[in-house]
Each structure stands twice: as structure tokens, then as C-alpha cells.
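Below: one structure, written as C-alpha cells.
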Amino acid sequence: MKSSILLSLSLLCASSLAVARERPEPLPDQRDAVSASLQPCPGGLERFLPGDYYFCSAARNYWSGHPGMARESLKDAAAWASKPAQYALGIMYFNGDHAEKNRPLGLAWLALAAERHDPAYEPSFISAYKQASTDELAQANAYWLQLKATYGDAVAGPRAERRFTRAYREIAWAVDFGGSVFIDGLTMPENPHLLGMQSGFSLARYLQVQKADFFRGYDSRVFVGDATLVPISTVAPRAD
């Protein structure tokens, strides 16, 4: 399920940072994956990893032709520390791709997405940073200071961890004693992506894998707490 979701919205983010493009169309060999991503987002996932749940919702809204609703879902996901959502918002605003073009705001979102130095997101931040003018950098920093109070890892990360821990504790008895669990959308046998997720042990293993992927690189963040988003200048010097 998650790979299909990521693919569907990654097509949204595939446009160049330099030039805004029309809405991307799925390539022929990607149609099945995009179609799969339009299946209902599992409601039970919101209990554990709301960042993934709202990112799924954003993908559905985007491919269903509702970019405004997709942006709102991306912001909901971003508030739960979803780096793919923050990256998608950065691309949208920087390029003016299904959003009003605002390069400084896009750069601020890209800075948040690159917080963990994920190679999937950091190069785009560096590229955008190098393109920004001095005035744009100043405005981007102002946006970034506002956004990180809600969306930065120092705030959104612990919020997401607490949410997962609380929900996971509710199924701990099934994990410990070999019981079965039903969670809407996650343990339905008719879901081809989640066959065999009925036992507490199997569901726990699945959720732990999802959590590890969602929080990958979380401990390596370095931008949080800095006064500006310019620490990247030591990595990507600009020639003004």
C-alpha cells in the first residue's frame, strides 16, 4: 500500500525545481500503482501514523483532481512530521505547481523536508537554496521560523511518536498473549496488501516496520534550533 501512495504523489514532485510543469500524467507502466493508491486510505492507520494516513489522503485528492484538498491533507500530514508531505508542499509552492507560486514559502517547506538529510529531499533543498535571491532567502527564513514551530521535527516528531506509542500500547496485550486484533483498513483479509495481518504479533511487526520507515533519519536532524535555515550555506555556498 505505502509504495503505491509514495509513487502516486512522487509523480507530483517530479517536476523540475526551475520550471513549473503541468500536472504529471502517470506513465503506462505506473497506472496500476496509481490506481492502487486511489483505494480508500485505511482509517485505522490514522490512529498510529497520521502522517502516513493524511499523506495517503493527499495522494487520493491530488489524483482525483482536488489540488486544494490535497494541499490541506499535506499540511495535516506535515504537522505529524511527514517529510514526504513537507517536500511535496515545497515543490508545489516553489514551482507554483497547483498552488500560488511563492518561492520563499516553498524553500521554507523544503528546508523542513531536508531536516533529516534524507537524500531523497536534501538535494532539492540545496538546488532551491542556490537559486534563491538574497531577498527570497530572508523571506524564506521568516517563513521557516514560523513553520518549524508547528511542523519542525522538534515539535512534530515527538507529537507523532506519542501518538504511535499511545495507540500501540492499546494492542500490546494481543502482542504479548498471542491474541487477534481488528483495526479498520489494516486487518481486513480482503486487503491484498495486508493479508495475514490478523494476529497481534503480525500487526505489531507491520506497524513497527512502518514506524521505522516513517521516522528514518529522525535522530540525525541538525536544523532544528538554529536561528536560520542558512546552515546549509556551509554545504551549498552561493555566489551572489
Side-chain angles (χ1 to χ4, degrees), residues 1-13 33 36-37 39-62 70-91 109-125 147-148 150-172 175 181 183-187 191 193-194 197 200-224:
M1 177 193 68
K2 187 173 181 181
S3 61
S4 296
I5 295 169
L6 291 175
L7 174 60
S8 67
L9 202 51
S10 69
L11 294 175
L12 153 69
C13 301
S37 76
Q39 298 300 315
C41 300
L45 186 62
E46 197 269 343
R47 287 174 52 187
F48 296 89
L49 293 168
D52 273 354
Y53 172 78
Y54 289 114
F55 188 73
C56 172
S57 177
R60 282 182 50 79
N61 286 325
Y62 180 80
R71 286 196 304 274
E72 292 307 308
S73 291
L74 286 173
K75 290 176 183 177
D76 288 337
W80 291 100
S82 170
K83 293 307 173 188
Q86 294 169 3
Y87 175 74
L89 286 165
I91 295 295
W109 278 115
L110 289 171
L112 288 173
E115 228 172 359
R116 301 174 194 170
H117 297 292
D118 190 320
Y121 310 129
E122 189 170 52
S124 294
F125 170 50
L147 290 174
K148 75 171 188 170
T150 299
Y151 304 99
D153 264 353
V155 177
R159 179 192 299 130
E161 283 190 309
R162 289 192 300 269
R163 176 67 164 260
F164 182 90
T165 299
R166 182 172 63 251
Y168 190 80
R169 191 179 298 126
E170 294 173 356
I171 66 167
V175 177
V181 181
I183 298 177
D184 182 31
L186 292 180
T187 56
N191 186 331
H193 302 285
L194 297 173
M197 293 298 163
F201 176 78
S202 296
L203 177 62
R205 182 171 57 185
Y206 168 78
L207 289 171
Q208 289 294 343
V209 169
Q210 296 297 99
K211 178 189 177 185
D213 183 63
F214 185 84
F215 286 103
R216 186 177 63 251
Y218 177 60
D219 292 334
S220 69
R221 60 195 184 281
V222 298
F223 297 153
V224 173

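Positions are given from 1, in the same order as the sequence printed here.
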Do Trp109 and Tyr151 have their ring centres less than 6.0 Å from each other?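 Yes, close enough.
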
What distance do [X] atom [atom1] and [Y] atom [atom2] have between them, rounded to the nearest 0.5 Å?
X      : Y      : atom1 : atom2 : answer
Lys211 : Phe48  : NZ    : CZ    : 12.0 Å
Leu110 : Phe125 : CG    : CZ    : 7.5 Å
Trp80  : Asp52  : CH2   : CG    : 12.5 Å
Arg166 : Arg47  : CZ    : CZ    : 10.5 Å

Could you give me the CA-CA distance, side-chain angles and deciding distance for Val155 and Lys148, then say whether side chain to side chain contact (heavy atoms under 4.5 Å, CB included) is met? CA-CA 8 Å; Val155 177; Lys148 75 171 188 170; over 6 Å; no

Less than 4.5 Å apart, side chain to side chain, heavy atoms only: is that true for Leu74 and Tyr54?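 Side chain of Leu74 against side chain of Tyr54, heavy atoms only: no contact under 4.5 Å found.
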
Pairs touching residues 75-91 that satisfy salt bridge (Lys or Arg N to Asp or Glu O under 4.0 Å), sequence neighbours left out: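 Applying salt bridge (Lys or Arg N to Asp or Glu O under 4.0 Å) to every pair that reaches into residues 75-91, excluding sequence neighbours, yields Glu72-Lys75, Lys83-Glu115, Lys83-Asp153.
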
Nearest heavy-atom pair of [X] and [Y]: which atoms, and what distance?
X      : Y      : answer
Ala113 : Tyr121 : O-CD1, 3.7 Å
Ala81  : Ala160 : CB-CB, 4.4 Å
Pro158 : Tyr218 : CD-OH, 3.3 Å
Ala156 : Ala79  : CB-O, 3.4 Å
Phe215 : Gly157 : CE2-O, 3.9 Å

Side-chain donor-acceptor contact under 3.5 Å, Tyr87 with Ser124: yes

Restricting to side-chain hydrogen bond (donor to acceptor under 3.5 Å, both in side chains), what partner residues turn up for Arg216, sequence neighbours left out? Asp118, Asp213

Once the angle between the rings of Tyr168 and Phe164 is folded into 0 to 90°, is it parallel (under 30°), tilted (30 to 60°) or perpendicular (over 60°)?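 Rings of Tyr168 and Phe164: parallel, as their planes differ by under 30°.
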
